[in-house]
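Below is one structure, written out as structure tokens, with a few remarks after it.
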Amino acid sequence: MHIGRRAAGSSAIAIGLFAFLFAALSSRANAQTQSSPAQPSKDVPVPAYKVDPFWPKPLPHKWILQGIPVIVTDKDDHIWVVSRPKDANPDETGAATNPPRTDCCIPAPAILEFDTAGNLLKAWGGPDYVPGWPAEGIARPGAGAEHAVVVDRQGNVWLGGNARYDGIQKFTSDGKFLWDFGHRHPKEPAGQNTGPVPMNNQDTDHIVMPVELFDLDEDAHEMYVVEQKRVTVYDMDTGAFKRGWGGHGMPLSEIGNDPVPFYDWKSGATPPDLKEFVPALHCVHIAPDGLVYVCERGSDRIQVFTKQGKFVTSFFVHPTTPSRGMECGGPGSTVYGMCGTTYNLTFSHDPDGKYLLIADGTNDKIWIHDRKTGELKGSIGDNGRMAGYFHWIDAIAMDSKGNLYTGEVETGKRIQKFILTNGDGKSRLHPHE
């Protein structure tokens, strides 16, 4: 009995000690969990999509869309589309003649705003809308026309052009002119043609080559611009230059101003891994974690930097596709196809943006890559004109539910919506696509 009582007492002490240690360890674990930042999920599935063949709804006023180089979404989940009116051909615009030659159609305005259901909310802009509108005075600019748009948190619309003397202009959502960024290349004297504008990657007072796309960091009040062989960052309120860099983070002072040589892609070679950027730089976007992603279409490549221009990583996208050379056609070419694979991109819908969805207008696909490792994970679409296919996809954007919106130039001339089928249903905005 005595021994039994001692054994029972020892057991009680041991149980009590175990309970104390368990509680202490649990409390410590809970404290660590509460104080540690949330870790991004490693189990995010590769996004899967299905096309919505009924988006958007028919346009009013006998309007017809033209080349769509860019689409973005805004804080209200509205989809902003740039349609280039000067891309229109006579067989598309019979209703615009006086008297009308055919029942349809008339080129739509250059800026169109849709909701996620496909309703057109407003439309405005086009050639001669205001002084300095993209491709001013050029009858058939093709790709050298309206080319870039961003909508900020206040609903202002920032528009960039792709012609020789174009700049960036700011409007209200209703199309009222607010501000010109300036930095336009000086025009030639009347009647003179001095030939192509030479590169000058050290001149930060002027945009020497057309701006394909740009992005805003509104928290820092900064504008990121890609052109020539560089990224330049300006104050988005004053236009003052702040910093810039070239490929792999090289200083502006070290960037060469000579054209980049071609390479023999027919031999099976992939683009050379050059240190300098290779034009055309076709997009710049800021990821959810603050890294800056640049589409280096001239090398079939994505380069990644910090906001201060420190090089982080790079990877190629379908590099067996020719990225540059004499056999690269533009819109309307009947001789050569397109070149380059990195036209534009957006980030997947999960909180960390685990994947890049890259619009490739040469292969007419959306490539899905892991954005940290660069590993190819899948693709969407192919060359064609059926719903869910593309002909020269150039634009890509995402709404707060992860649904994709795409636009096509050349003879594609349409916009499409792709519904995310395996997302988490939460709303997350990508304000500047």
Side-chain angles (χ1 to χ4, degrees), residues 134 143-144 147-148 150 160-168 180-188 194-217 220 222-236 238-263 271-286 291-314 316 323-325 328 339-340 342-344:
H147 203 278
V150 173
N162 206 19
R164 179 167 180 163
Y165 306 112
D166 285 345
I168 296 169
D180 194 297
F181 171 65
H183 299 280
R184 297 171 182 268
H185 190 272
K187 289 193 175 182
E188 301 169 316
T194 58
V197 179
M199 277 193 283
N200 186 344
N201 288 280
Q202 291 70 49
D203 178 8
T204 57
D205 291 332
H206 302 103
I207 298 173
V208 178
M209 292 181 67
V211 174
E212 305 284 358
L213 288 175
F214 61 94
D215 203 359
L216 300 179
D217 181 353
E222 292 181 337
M223 176 190 296
Y224 287 72
V225 177
V226 287
E227 44 98 29
Q228 302 190 85
K229 301 178 185 178
R230 65 186 185 179
V231 179
T232 47
V233 183
Y234 295 87
D235 187 291
M236 62 177 276
T238 67
F241 172 74
K242 300 184 73 171
R243 62 187 178 277
W245 63 88
H248 293 82
M250 66 192 311
L252 294 180
S253 60
E254 296 180 10
I255 303 174
N257 292 315
D258 294 326
V260 178
F262 300 151
Y263 69 100
D273 188 7
L274 301 179
K275 184 178 181 181
E276 287 189 340
F277 277 133
V278 180
L281 303 185
H282 221 257
C283 86
V284 57
H285 292 292
I286 300 172
L291 293 178
V292 179
Y293 283 70
V294 176
C295 297
E296 187 186 8
R297 182 175 157 189
S299 279
D300 293 339
R301 181 161 59 178
I302 302 293
Q303 291 201 38
V304 187
F305 306 88
T306 67
K307 289 183 179 180
Q308 297 303 312
K310 181 181 178 181
F311 177 72
V312 177
T313 190
S314 68
F316 290 96
S323 66
R324 60 185 186 272
C328 292
C339 285
T342 54
Y343 286 53
N344 205 344

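By the salt bridge (charged side-chain N to carboxylate O under 4.0 Å, His left out) test, K275 pairs with no residue at all, sequence neighbours left out. In this structure D273 satisfies the salt bridge (charged side-chain N to carboxylate O under 4.0 Å, His left out) test together with R301, sequence neighbours excluded. Contacts of H206 classified as ring-ring contact (aromatic ring centres under 6.0 Å, His included), with partners at least two apart in sequence or in another chain: none. H183 is linked by a side chain to side chain contact (heavy atoms under 4.5 Å, CB included) to F181, I207, Y234, counting only residues two or more places apart in sequence or in another chain.
Counting heavy atoms from C-beta on, the side chains of D166 and V211 never come closer than 4.5 Å. At least one side-chain heavy atom of P271 sits under 4.5 Å from a side-chain heavy atom of Y263. Within the 4.5 Å cutoff, no side-chain heavy atoms of F241 are placed close to those of D205. Here the side chains of N201 and L252 are not in contact, with every heavy-atom distance at 4.5 Å or above. The shortest distance between side-chain heavy atoms of R243 and E222 falls below 4.5 Å. The side-chain heavy atoms of H282 and N344, taken from C-beta on, include no pair separated by under 4.5 Å. When side chains are defined from C-beta on, F277 does not count as touching I255, because their heavy atoms never get closer than 4.5 Å. No side-chain heavy atom of V304 sits less than 4.5 Å from a side-chain heavy atom of S314.
The structure places CG of N200 at 8.5 Å from NE2 of H185, a figure rounded to the nearest 0.5 Å. Taken to the nearest 0.5 Å, the CE atom of M250 stands 13.5 Å off from the CZ atom of R230. Between Y293 atom OH and C283 atom SG the span is 11.5 Å, to the nearest 0.5 Å. A distance of 11.5 Å separates CD in E276 from CD in Q228, rounded to the nearest 0.5 Å. Between D258 atom CG and M199 atom CE the span is 7.0 Å, to the nearest 0.5 Å. Taken from CD in E227 to CG in L213, the straight-line distance is 13.0 Å, to the nearest 0.5 Å.
A cation-pi arrangement is absent between R324 and F262, since the terminal nitrogen or guanidinium carbon is not both under 6.0 Å from the aromatic centre and inside a 45° cone about the axis.
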Audit row: V150, M223, side-chain contact (heavy atoms from CB on, under 4.5 Å) steps and yes/no:
CA-CA 10 Å; V150 173; M223 176 190 296; over 6 Å; no

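In this structure, H147 and N162 approach most closely via the heavy-atom pair CD2-ND2, 3.5 Å. The two atoms that bring G144 and A163 nearest to each other are O-CB, 3.4 Å, heavy atoms only. The minimum heavy-atom distance linking G298 with S323 is given by the pair O-OG, 2.8 Å.
No donor-acceptor pair closer than 3.5 Å links the side chain of D235 to the backbone N or O of A240. Not one N or O on the side chain of K187 forms a donor-acceptor pair closer than 3.5 Å with the backbone of Y165. The backbone N or O of R297 lies less than 3.5 Å from a partner atom in the side chain of T342, making a donor-acceptor pair.
Residue pairs that meet the salt bridge (charged side-chain N to carboxylate O under 4.0 Å, His left out) test with at least one member in residues 246-257, sequence neighbours left out, do not exist here. Listed by first then second residue, pairs satisfying salt bridge (charged side-chain N to carboxylate O under 4.0 Å, His left out) with a partner in residues 206-217 read D217-K307, not counting sequence neighbours.
Note: F311 and F305 have perpendicular aromatic rings, judged against thresholds of 30 and 60 degrees for the angle between ring planes.
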